[in-house]
**Q** 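Quick one: the structure is below, and I'll ask about it shortly.
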Protein chains: 2
Amino acid sequence: MSGSGLHQKLAEARSGILLFSLTPPRRSESDERVKEIAAVTLDRLAGLDVDGLILYDIDDESDRNPDERPFPYLPTMDPAVFHAQHLGGWDKPTIIYRCVGKYHEDDLADWLRHADPSRVLSVFVGASSGDKSVRTDMRRAQAVRQEVRPDLPLGAVVIGERHTRGGDEHLRMLAKQERGCSFFVSQVVYHVNDTKNLLSDYFYACRERGTAPRTVVFTLSLCGSLKTLEFVRWLGVDVPRWLQNSIRYSDDPLAESYRQAMAIARDLADFCEHLGMPYGFNVESVSIRRAEIEATIRLAADVAALLRERR
Amino acid sequence: MSGSGLHQKLAEARSGILLFSLTPPRRSESDERVKEIAAVTLDRLAGLDVDGLILYDIDDESDRNPDERPFPYLPTMDPAVFHAQHLGGWDKPTIIYRCVGKYHEDDLADWLRHADPSRVLSVFVGASSGDKSVRTDMRRAQAVRQEVRPDLPLGAVVIGERHTRGGDEHLRMLAKQERGCSFFVSQVVYHVNDTKNLLSDYFYACRERGTAPRTVVFTLSLCGSLKTLEFVRWLGVDVPRWLQNSIRYSDDPLAESYRQAMAIARDLADFCEHLGMPYGFNVESVSIRRAEIEATIRLAADVAALLRERR
């Protein structure tokens, strides 16, 4: 745990964190193929100046949206298992997501107890809809971590769209903070205006309560085709109509999306710096197309450069 | 009418137009005081690299909003009269607004007939609410101008907020274009995202119809106090919450608003250039505070510099 490592940066709520996020391989892949995927991934990440990795925990979210899912749901490996068995070569911290509703409380406690807090952090994700039956609810999961592993840094998901609808996501952030969360990772950001509304409300609510705001890590993702755009919207992400149009009508949607992602990064960095709000970025690929994956790696490098310039 | 004048730029739908807008003096001012105001105004404008002036036609808009008007309504001089009698020293074109509902058709026709189309352009403004009784409605006013003065360039007001609510402002723009409007001036823009939605929908609707998009002039205005913010919102302008917060909590709201106005200008210029949409800016002061007027003059100079850089 070095002074410039992820743990330290998060503990001190310093700006400039860069994460890269991956979805673990499908459960149907052979062990050999999983090894190959891990090797290729580590190779791709080797040149990147990131502070850590995020491994998503994918849940069947068909309850989220009655419309047909644009990409089929395919069960993926447990991110903790993928990390433990295949990412031994990764020498930086990894934030392992946990859809807490999928796990029995004992299993969650067990995993927490055995996780190495110098290598592993976690983000707990709640159910994708209120109706879903859960094995462990969010409050209980947070309490379990507080009991068995308070030294394992815990983050929470923050959703600008929820703020646009309900206007209370900033209060939810404060409540999560009180229950031990020390950082936030956003859903993919395409709607900068709504994200700024949330940040602004959170920042001034913190100030009013005399609480220090915690780092918000903004997730950036390319949307290189209409199909990906559909999927992103199916997931509940608000994409402004002008941005949808610009992807729909572009001769090169991937290049257009790249341009927009960098503009979003700059806009949010300016905004947070002016406000005095600690921030970072998470670069994510939602697609499995090679061109999009390669562009995502380039995006991470460009965002790293943007963060270096502003140090 | 030189090749680089306002008329030519609008006729060719060239980007880079800069306008400065004024409200004529109150009707209660003495003739002497009006002369003084005109002299000070021309003096302030002398150093600015603008293409033309806008003179607003102020209507009692109490029907617009049942809430109390943050600033009292004070009748102002007819902009055509102010222009004819006091702005003889202004050697560039002037866009004279006409709240058409205030005028009898004959008076409107008469004014149009005597206006000098090399010095004067017009923007017709409709009633502030549907219930208002009008002397001349918009369709009729447009037809009158088509009959008596088709060579006088006519613009129309464009309102992003209407697009956010109804989603059809772009079609309204196209309809106005068919009725002879050759440019658009926006209401004050604080909500860049919504403005981009409108522009994008307009641009692609033009493309679909094989119509060339006409220049959209974006109105920028400082909001240097909470009182001005209230007034702007009373007028029906959407101000994103983060922008309201940034003015509300700033130690120097005028400086904060200045910063935001320049950011909005850059963002819209980038957006239009990437899209290939002709654009310009109109810098307006809604306040009568000296500090805000002076800052508005500086803003116009900075926007002029921004446009020069991009030529």
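Per chain, numbering begins at 1; letters A, B, ... match sequence-line order.
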**Q** Counting only non-hydrogen atoms closer than 4.5 Å, does D194(B) touch chain A with its backbone (N, CA, C, O), its side chain (CB onward), both, or neither?
**A** neither
**Q** What part of F203(A) lies closer than 4.5 angstrom to a heavy atom of chain B: side chain, backbone, both or neither?
**A** neither
**Q** Could you have a look at H274(B), H191(B), R207(B) and say which one has the most heavy-atom pairs with chain A under 4.5 angstrom?
**A** H274(B)
**Q** Is it true that atom CZ of R233(A) has more than 12 heavy atoms of other residues, nucleotides or ligands lying nearer than 6.0 Å?
**A** no
**Q** Sub-4.5 Å heavy-atom contacts with chain B: which residues of residues 301-311 of chain A show up?
**A** none
**Q** For chain A, find its close neighbours in residues 240-257 of chain B: heavy-atom separation under 4.5 Å, sorted by number, or none.
**A** P240(B), R241(B), W242(B), N245(B), S246(B), Y249(B), E256(B)
